[in-house]
Protein chains: 2
Amino acid sequence: MAQERARTGSRERLVEATRELLWQHGYSGTTPAAIRARSDVGQGSMYHHFPTKVDLAAEALRVSSAEAERSIDAYLDEAPSPGAAVARYLSKPRDGEKGCRFGRLTLDDAVLEDERLRRPVSETLTWYRQRMEALLREGQASGELRPDFSAEAVGATVIAMLQGAHVLARADRSQASYERVIEGALTLLEGLESRR
Amino acid sequence: MAQERARTGSRERLVEATRELLWQHGYSGTTPAAIRARSDVGQGSMYHHFPTKVDLAAEALRVSSAEAERSIDAYLDEAPSPGAAVARYLSKPRDGEKGCRFGRLTLDDAVLEDERLRRPVSETLTWYRQRMEALLREGQASGELRPDFSAEAVGATVIAMLQGAHVLARADRSQASYERVIEGALTLLEGLESRR
DNA sequence: GTCTATAGTCCGATAGAC
DNA sequence: GTCTATCGGACTATAGAC
């Protein structure tokens, strides 16, 4: 992964700082100066490791994406059934105002105009979506969930509800706005359960 | 509303241009230079009418908000029942990649840090949310919808699904991603109907 | 690999004449 | 109300020594 042995870890600190700043301030809102301040790496070192801001951001997204997929798999494994796993994913404690690391970036033109940034965002969100889709399909196969809905469509909607919850929470600067959406999402999800 | 009679309509053209640019590029992505180019108004005129960028954006949001509330009321009046109105609102044809005029702005730190920008965004989204809540409550009262869910929570979720649909559509640069979320949303909504 | 100095560009705003 | 000229600052990146 690391192309050469870095002695001091400057490279790692740069990536870590960028990951956090992308989350907090988006891509356009993250300046090289802020990255240097947070990572305590000098101008020269930074541009030595990453020739451009895009290079650094792309690497940060790669790391975040890998980490997210790993941790979500572990989180979902705790659930007793596929349907419960979807509910568990929706209920996962999150800072509503901070938002999703990836969804956060989709409103930034600079990200959408550069494939090196847009692609990892799109692919990670697609991965989430397909993860939900697979769970819903499993639930349908086991009889836990009704067979008469599109797992593909509903899977996408589950992810969208989360993204939208962050939008509303940010607009209101309120965690309660986030939680309200989740409550409604769980209610809607119940309607997919097989009728006893 | 216009404090003095403008002879040439520069002021109106500035607001119109800003409305459109805010929609397309967000707040930070909208530069005074772009506004001048689109409205064909000079530097001097622009700063005569609006001392700062925030003043101009705040006025643009005020106009957009008023217009949105008016047009949605008219659109929803066409539906035969409250439940159908919610479905109709979700199904309304939209450019998924362009996004919501208001939700679009919530990911921009500059908007969240200035109350003159954040408040109209928050208030308009709240208005949407409460509009859905009221429809759901009506549906419950009339027996069209089940009585055993929180109209407040589900109303918020309906708006969130739309916001999230835009996020996914932008990530994928795909209208199909938008439509997929709407399909799932409509499916979930059916679960609220009273069981025959 | 890291440093300091500097470049070139755009941003949002101001000055002051007409 | 509108014009042109200009400003201070921030942003992203480059140059070149150590």
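It should be emphasised that the depicted structure is a prediction, and the values quoted were computed from it without experimental measurement. Sequence lines set the chain letters: A, B, ... in the order given, protein chains first and strands last, and positions in each chain run from 1. The basis for the numbers below is simple: all heavy atoms, side chains too, and nothing from hydrogens, waters or symmetry mates.
- One can place CG of A:Asp40 at 8 Å from P of C:dC3, the figure rounded to the nearest angstrom.
- The phosphate of C:dG1 (OP1 or OP2) has no side-chain N or O of A:Ser10 nearer than 4.0 angstrom.
- OP1 or OP2 of D:dT2 has at least one side-chain nitrogen or oxygen of B:His49 nearer than 4.0 Å.
- A:Arg94 meets the salt bridge (Lys or Arg N to Asp or Glu O under 4.0 Å) test with no other residue; sequence neighbours excluded.
- Contacts with DNA chain C (heavy atom under 4.0 Å) in residues 106-120 of chain A: none are found.
- The CZ atom of A:Arg11 sits 16 Å away from the C1' atom of C:dT2 (whole-angstrom rounding).
- Rounded to an integer number of Å, the gap from B:Glu12 CD to D:dG1 C1' is 13 Å.
- Taking the six-membered ring where the residue is Trp, A:Tyr89 and A:Tyr128 present tilted rings, their angle falling between 30° and 60°.
- The side chain of B:His48 contributes no N or O atom lying less than 4.0 Å from OP1 or OP2 of D:dT2.
- Each side chain to side chain donor-acceptor pair (under 3.5 Å) pair with one or both residues in residues 142-163 of chain B, not counting sequence neighbours, appears once here: A:Arg180-B:Glu152, B:Ser81-B:Glu144, B:Arg146-B:Asp148.
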Stepwise salt bridge (Lys or Arg N to Asp or Glu O under 4.0 Å) test for B:Arg13 and B:Glu16 | CA-CA 5 Å; B:Arg13 292 210 311 285; B:Glu16 232 5 79; over 6 Å; no

A correct 5'-to-3' footprint of nucleotides 12-18 of chain C, with B, S and - meaning base, sugar-phosphate only and no protein heavy atom under 4.0 Å, is SBB----

Listing, residues 68-75 of chain B side-chain donor-acceptor contacts under 3.5 Å, not counting sequence neighbours, or none:
from, atom 1, to, atom 2, distance (Å)
B:Ser71, OG, B:Ala68, O, 3.4
B:Asp73, OD1, B:Arg131, NE, 2.6
B:Asp73, OD1, B:Arg131, NH2, 2.7

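- Contact annotation: the side chain of A:Asp108 never approaches that of B:Leu107 to less than 4.5 Å [non-hydrogen atoms, C-beta and beyond].
- Partners of B:Tyr27 under the ring pair (Phe, Tyr, Trp, His ring centres under 6.0 Å) rule, at least two apart in sequence or in another chain, do not exist in this structure.
- Remark: side-chain polar atoms of B:Arg101 are not paired, donor with acceptor, to backbone N or O of B:Ser64 under 3.5 angstrom.
- Annotation: of the two residues near DNA chain D, A:Arg36 and B:Ser45, the 5′-most nearest-nucleotide partner is B:Ser45.
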